[in-house]
Amino acid sequence: MPKTIFLGSDHAGLTLKAALCAHLAAAGHDVADLGPTEAKSVDYPDFAKLVCNKVLDTPDSVGILVCGTGIGMSMAANRVPGIRAALCVNEYLARMTRLHNDANVLCLGERVIGTGLAVSIADVFLETAFEGGRHQRRVDLIESCGLAAPL
Ligand code: RB5
């Protein structure tokens with residue numbers, strides 16, 4: 001099922017982002033590359049914020065964020081309320097974070113995994129549906145982690 005996908009990176013994730021955009025567009029998804037477009041040094045939180053806000057504004061969309069390790073992007077994205085970003089290094093993590101966490105942003109590290117594996121992780125992430133049930137309660141509780149404890 002084709003999805004709307006917003007992608008962003010920093011300079012260290014530029015090459016992998018381009019490969020993912022090409023693969024996902026060829027697979028029939030609606031792909032929007034939110035930058036950057038050139039290899040000059042940029043700050044990954046800026047692009048995390050851009051992609052996360054588009055995901056929140058666009059029903060049924062997902063985000064893919066790429067930096068050198070994927071760690072900075074996942075830290076930044078998870079500060080945005082409503083975003084559940086998962087840094088994945090294999091297909092198992094991609095499948096489980098969709099099934100159990102209803103992750104809406106996938107983070108990848110260009111300096112950590114190869115393009116073939118990254119593409120395969122993205123495919124699994126996009127084709128796996130949230131299981132719901134008891135996991136919905138836990139996903140709802142994730143948002144409450146950011147709120148002050150009741151007196
Ligand atoms: C950039 O050098 C690097 O720090 C960034 O891409 C990322 O790995 C941060 O977590």
Side-chain angles (χ1 to χ4, degrees), residues 2-27 29-130 135 138-148:
K3 288 213 180 296
T4 300
I5 308 164
F6 297 103
L7 291 101
S9 74
D10 68 358
H11 50 283
L14 199 67
T15 304
L16 179 54
K17 172 167 65 70
L20 287 164
C21 283
H23 169 77
L24 296 171
H29 295 290
D30 179 11
V31 173
D33 182 350
L34 303 186
T37 54
E38 54 184 70
K40 99 173 159 28
S41 183
V42 293
D43 300 322
Y44 56 82
D46 292 337
F47 291 89
K49 199 169 161 185
L50 204 58
V51 166
C52 290
N53 286 334
K54 290 296 276 187
V55 168
L56 293 174
D57 283 351
T58 311
D60 299 324
S61 67
V62 298
I64 300 182
L65 292 168
V66 190
C67 64
T69 59
I71 295 174
M73 282 296 197
S74 63
M75 287 180 168
N78 278 314
R79 299 298 294 268
V80 180
I83 291 297
R84 292 173 303 282
L87 171 56
C88 296
V89 294
N90 58 44
E91 293 95 334
Y92 177 75
L93 293 175
R95 192 162 60 83
M96 294 311 293
T97 199
R98 287 291 308 127
L99 286 172
H100 286 192
N101 314 126
D102 198 17
N104 49 10
V105 171
L106 170 66
C107 298
L108 298 166
E110 180 177 319
R111 294 173 178 165
V112 181
I113 56 173
T115 303
L117 178 56
V119 160
S120 175
I121 289 170
D123 284 344
V124 171
F125 186 88
L126 293 167
E127 74 200 15
T128 307
F130 179 46
H135 300 296
R138 295 163 185 166
V139 165
D140 293 341
L141 283 167
I142 290 175
E143 285 302 314
S144 74
C145 288
L147 303 175

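Every number for a ligand or one of its atoms is a count from 1 in the order of the listing.
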Could you tell me if the side chain of Glu38 sits less than 4.5 Å from the side chain of Leu14, heavy atoms only? no

Looking at CG of Leu106 and OG of Ser74, how far apart are the two atoms once the value is rounded to the nearest 0.5 Å? 10.5 Å

Within the 4.5 Å heavy-atom criterion, are Met75 and Pro45 side-chain neighbours or not? no

Can you tell me how far the SG atom of Cys107 sits from the CE atom of Met73, to the nearest 0.5 Å? 7.5 Å

Got the residues with a heavy atom under 4.0 Å of ligand 1, by chain and number? Asp10, His11, Ala12, Tyr44, Cys67, Gly68, Thr69, Gly72, Arg111

Answer yes or no: is there a side-chain heavy-atom contact under 4.5 Å between Leu20 and Leu108? yes

Count the heavy atoms belonging to other residues, nucleotides or ligands that lie under 6.0 Å from CG of Asp140, then report whether that count exceeds 12. yes

